[in-house]
Amino acid sequence: MFRSKLSTLTNCAVVLTNRSVVKVAGPHASKFLQGLITNDMNKIGTGSMYSFMLNSLGRVLFDIFVTSYKDEKSQPYYLLECHSKVKDNLYKTLKVYKLKSAVTIEDLSPSFSVLSVLGKKSESFVAENKGSILSELKTQPFSISKDPRCPEKMGLRLLLPQEHTKQFLGSLPQEMEIVPSEVYDMYRMRWGIAEGPEDLPANTQLPLNINGDYLNAVSFEKGCYIGQELTARTHHVGQVRRRFFGVCMKDPMEDQNSLSAEKEKREPNLLLPPSLLSSIDIQVPPPQSTLSFQNSDYVQVKSDTKRGTDGEFISGLLNMGIARLRIDGLNFENPSKTYLYDHLNRPMKVITPIWWNSELEKIRKGQFVTGRE
């Protein structure tokens, strides 16, 4: 059971079996995608790029990774990595917008594997052995790059030919464990990073509510694309009142136990520190359930009936998950000290995201407006 590994993991590799790959090629491929995704195809470079596809009202349809390649004639083409559950809808959507564009769209999912490598030693190993990996794959498309959403924390993301995946995993050092995808899911939830249709059901979320601006998924400099108007207006007006945060059930005895804090100081490289695992037997609330703040600093505005709900639980695994919360209900100086409760009045912890200082700076500059969203 993967639970037994959680408390000791500092480095690991994960095969993400729930990912699919769609190829977009042809003379108009770049221009075609430029009009469909939130990021700028002109800045894709050699690594992967994270982006969204939106509906006409600016709501997220899919979250995708886009990687650029060249064929034997040096013509560019692109591989779009998405969650397997949305692959068919992504394929159909691309076909709908294709019209007379000179592009071809092909499902290459059986040909590729997607992997995530987490931990400093794991990243170093891949970097040191990249030469031998490249020599094996020189005739085939592949990608080994920093996860573009959060390069500091989310490690490396690999797109490898299916036939080379087993060989790559076999080359890993013994201390670099191969773990189930649930470990990866809990780790990204720790940082409030949503992924796939369970976190992002189609037509429900706005790009900035899910931190697209902080996850390098949205360009505010490129030209028009489907759903751009609301996204651009929200960004320039500065009214993002709700955002996704990582949350964790709170252990009732946690405040009386200093062992977790001591262990975290001794082992700062743990992927999931003890303070987040002490409540692992407390199951998260169901999706779409209501969350509320109970905070002495918050009582003054609590009675404002125009505010709507304080928060909503989006999805989770074991004791961790992602929640969409009102920013003005948080402890601005330290969100992890915010008192949050689920629909059963059970306490939850808000995990301070790495982008919080940037958001706090906006709040201090007055680029934040309270009210109903």
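The shown structure was predicted, so the numbers you read here are calculated from the model rather than taken from an experiment.
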Enquirer: With no hydrogens and no angle check, just 3.5 Å: does a side-chain donor-acceptor pair link Ser292 and Asp310?
Expert: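 No, Asp310 and Ser292 have no side-chain donor paired with an acceptor closer than 3.5 Å.
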
Enquirer: Assess the side chains of Ser84 and Asn18: does a donor N or O sit below 3.5 Å from an acceptor N or O?
Expert: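 Side chains of Ser84 and Asn18: no pair found under 3.5 Å.
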
Enquirer: With heavy-atom distances below 4.5 Å as the criterion, would you say the side chains of Arg190 and Leu276 are in contact?
Expert: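 Yes, side chains in contact.
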
Enquirer: Quick check on Glu198: does its CD atom have over 12 non-hydrogen neighbours (other residues, nucleotides or ligands) under 6.0 Å away?
Expert: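 No, the 6.0 Å shell around CD holds no more than 12 heavy atoms from other groups.
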
Enquirer: Side chains of Arg243 and Asn209: do they bring a donor and an acceptor to under 3.5 Å?
Expert: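 No, Asn209 and Arg243 have no side-chain donor paired with an acceptor closer than 3.5 Å.
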
Enquirer: Are any non-hydrogen side-chain atoms of Phe293 and Arg326 less than 4.5 angstrom apart?
Expert: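 A side-chain contact under 4.5 Å exists here.
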
Enquirer: Centre of Phe32's six-membered ring, under 6.0 Å away, within 45 degrees of the axis: is that where NZ or CZ of Lys98 sits?
Expert: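 No, Lys98 and Phe32 do not form such a contact.
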
Enquirer: Looking at Asp328 and Arg241, is any side-chain nitrogen of the basic one under 4.0 Å from a carboxylate oxygen of the acidic one?
Expert: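 Salt bridge absent between Arg241 and Asp328.
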
Enquirer: Please enumerate all residues that pass ring-ring contact (aromatic ring centres under 6.0 Å, His included) together with Tyr214, with sequence neighbours excluded.
Expert: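 Listed in chain order: Trp355.
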
Enquirer: Does a donor on one side chain sit under 3.5 Å from an acceptor on the other, for Asp63 and Tyr50?
Expert: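 Present: a donor and an acceptor within the cut-off.
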
Enquirer: Anything under 30° is parallel, anything over 60° is perpendicular, the rest tilted; go ahead and classify Phe332 against Trp356.
Expert: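 It falls in the tilted class, 30° to 60°.
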
Enquirer: Side chains of Glu195 and Tyr184: donor-acceptor distance under 3.5 Å anywhere?
Expert: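 Yes, because at least one side-chain N or O of Glu195 sits under 3.5 Å from a partner of the opposite role on Tyr184.
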
Enquirer: Does Asn331 reach the main-chain N or O of Pro335 with its side chain, forming a donor-acceptor pair under 3.5 Å?
Expert: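 Answer holds: no.
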
